[in-house]
Amino acid sequence: VRHELAGVARALPPEDVGPFRGLGRFEAGDRDVYFGRSSEVAAALETLRSRGVAALIGPSGSGKSSLARAGVLPAIAEGGLGGWPKKWDTAVVEPGADPRAAIGAALSRFVPGAAGLSPEVLVVALADRAQRDSTGVALLVDQLEEVATIASGPSQAWAVALLGRLGEQALPGVRVVVAARRDLLDPLLALGGLGRALTRGLVLIEPITDVTWGDVLDQALAAYGYALEDDALKGELLADLK
């Protein structure tokens, strides 16, 4: 409603795509058909108002990636953190086996040659860029567990140092959201400063409950002007979701 009043309403995904993603994940372009996680988005934003890193931690399949990509990051971009800066750029990365290259490539949009800088210099450059352009940078590191499970050597050490440094304090105009599997949290917590940042910015994510699924179904259909014919049909659909 706020976007419509401001004249910046966005088009929904086409009906043949619809509001459901099955086993797939929601992306930033799906933010207007992403429902059921308002409390988790609010919790992440509240964490990011005072922390440099918000860590979305939950079991495999609990929807962490969708929450981060279609919920938290768009909310930041749309001013959900409040205060300064009003404008935020966003970037998404999966660390893989070479997290320095992956994260550096994502941040090179804002700081040229990011991967070639030391973590300390890069953090300062990101903060300086925010001050200079009055535009923040919000980085999402999805599948963070890869830093502990498949990365190693200098590339791993660089990523750990960078994320740990960003998590030490909330630098104006620089924020990080990470998403990781709960069963692989222990190896991440063992990574020095990164582990401390995760502990301070922890936001636990659980699978959506049956009651919430009912609300999601109603809201998703209503977004396209549809409604279920009766409660029996709704019950059948919810049973299939289990």
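In this text, all values refer to a predicted model and were calculated from it rather than measured experimentally.
- Side-chain atoms of L228 and L237, non-hydrogen and from C-beta on, do get closer than 4.5 Å to each other.
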message = Assess the residue pair V203 and I57 against the criterion (side chain to side chain contact (heavy atoms under 4.5 Å, CB included)); give the C-alpha distance rounded to whole Å, side-chain angles, the decisive distance to 0.1 Å, and a yes or no.
response = CA-CA 6 Å; V203 181; I57 307 297; over 6 Å; no
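- When side chains are defined from C-beta on, R69 counts as touching V92, because their heavy atoms get closer than 4.5 Å.
- For the atom pair L144 CG and L198 CG, the distance stands at 6.0 Å (nearest 0.5 Å).
- The heavy-atom pair separating L188 from A180 by the smallest distance is CD1-CB, 3.8 Å.
- Scanning for side chain to side chain donor-acceptor pair (under 3.5 Å) contacts around R100 gives an empty result, with sequence neighbours left out.
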Under 3.5 Å donor-acceptor pairs involving side-chain atoms of residues 38-45, not counting sequence neighbours:
from : atom 1 : to  : atom 2 : distance (Å)
E40  : OE2    : R37 : NH1    : 3.0

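- Residues K87 and P85 have side chains not in contact (no heavy-atom distance under 4.5 Å, counting atoms from C-beta outward).
- Scanning both residues, G36 and T212, for their nearest heavy atoms gives O-CG2, 3.6 Å.
- For the atom pair OG (S65) and CD1 (I205), the distance works out to 11.0 Å, reported to the nearest 0.5 Å.
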Quick one: side chains of residues 161-178, donor-acceptor pairs under 3.5 Å with protein atoms, not counting sequence neighbours, listed by atom name and distance.
from : atom 1 : to   : atom 2 : distance (Å)
R175 : NE     : L48  : O      : 2.6
R175 : NE     : R51  : O      : 3.3
R175 : NH1    : L171 : O      : 2.7
R175 : NH2    : L48  : O      : 3.4

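- Residue V72 is not grouped with residue V93 when hydrophobic side chains (ILVMFWY) are merged at heavy-atom distances under 4.5 angstrom, including chains of intermediate members.
- Among residues two or more places apart in sequence or in another chain, the salt bridge (Lys or Arg N to Asp or Glu O under 4.0 Å) test is passed with R25 by E27, E94.
- Scored by the side-chain contact (heavy atoms from CB on, under 4.5 Å) test, D133 finds R129, T135 as partners (sequence neighbours excluded).
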Output a table of donor-acceptor pairs, distance under 3.5 Å, between side-chain atoms of residues 13-20 and any protein atom two or more places apart or on a different chain; print 'none' if there are none.
from : atom 1 : to   : atom 2 : distance (Å)
E15  : OE1    : Y226 : OH     : 3.0
E15  : OE2    : Y226 : OH     : 3.4

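- Remark: D98 pairs with no residue by the salt bridge (Lys or Arg N to Asp or Glu O under 4.0 Å) rule, at least two apart or across chains.
- Between the CD atom in E236 and the CG atom in D230 there is a gap of 8.0 Å [rounded to 0.5 Å].
- The shortest non-hydrogen separation linking S62 to P59 is OG-O, 2.7 Å.
- No single ILVMFWY cluster, assembled from side-chain heavy atoms under 4.5 Å apart, contains both V124 and L117.
- Without hydrogens or angle criteria, D30 side chain to V33 main chain gives no donor-acceptor distance under 3.5 Å.
- Between atom CG of residue L73 and atom CZ of residue R31 there is a gap of 10.5 Å, rounded to the nearest 0.5 Å.
- The shortest non-hydrogen separation linking Y224 to L12 is OH-CB, 3.9 Å.
- When hydrophobic clusters are built by joining Ile, Leu, Val, Met, Phe, Trp and Tyr residues whose side-chain heavy atoms come closer than 4.5 Å, directly or via intermediates, V211 is not grouped with L233.
- Under the rule for a side-chain contact (heavy atoms from CB on, under 4.5 Å), L23 has no partner lying at least two apart in sequence or in another chain.
- K64 places no side-chain N or O within donor-acceptor distance of the main-chain N or O of E206, the cut-off being under 3.5 Å.
- The main-chain N or O of G63 is never found under 3.5 Å from a side-chain atom of S66 such that the two would form a donor-acceptor pair.
- Each of L56 and L185 belongs to its own hydrophobic cluster when Ile, Leu, Val, Met, Phe, Trp and Tyr are linked at side-chain heavy-atom distances under 4.5 angstrom.
- Residue I76 comes nearest to W88 through the heavy atom pair O-CD1, 3.6 Å, listed as atom of the first residue, atom of the second, then distance.
- Counting heavy atoms from C-beta outward, L126 and L139 have side chains that stay 4.5 Å or more apart.
- Counting all heavy atoms, side chain and backbone alike, V141 lies closest to P95 at CG1-CD, 3.9 Å.
- Residues forming a salt bridge (Lys or Arg N to Asp or Glu O under 4.0 Å) with D218 (at least two apart in sequence, or on another chain): K234.
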Mind listing the side-chain donor-acceptor pairs of residues 101-114 below 3.5 Å, one per line with the distance, residues two or more places apart or on another chain?
from : atom 1 : to   : atom 2 : distance (Å)
S108 : OG     : A105 : O      : 2.7
R109 : NH1    : T90  : O      : 2.9

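- Residue pairs meeting the salt bridge (charged side-chain N to carboxylate O under 4.0 Å, His left out) criterion with at least one member in residues 183-196, sequence neighbours excluded, are R181-D183.
- For residues 25-84, the ring-ring contact (aromatic ring centres under 6.0 Å, His included) pairs, not counting sequence neighbours, are F26-Y34.
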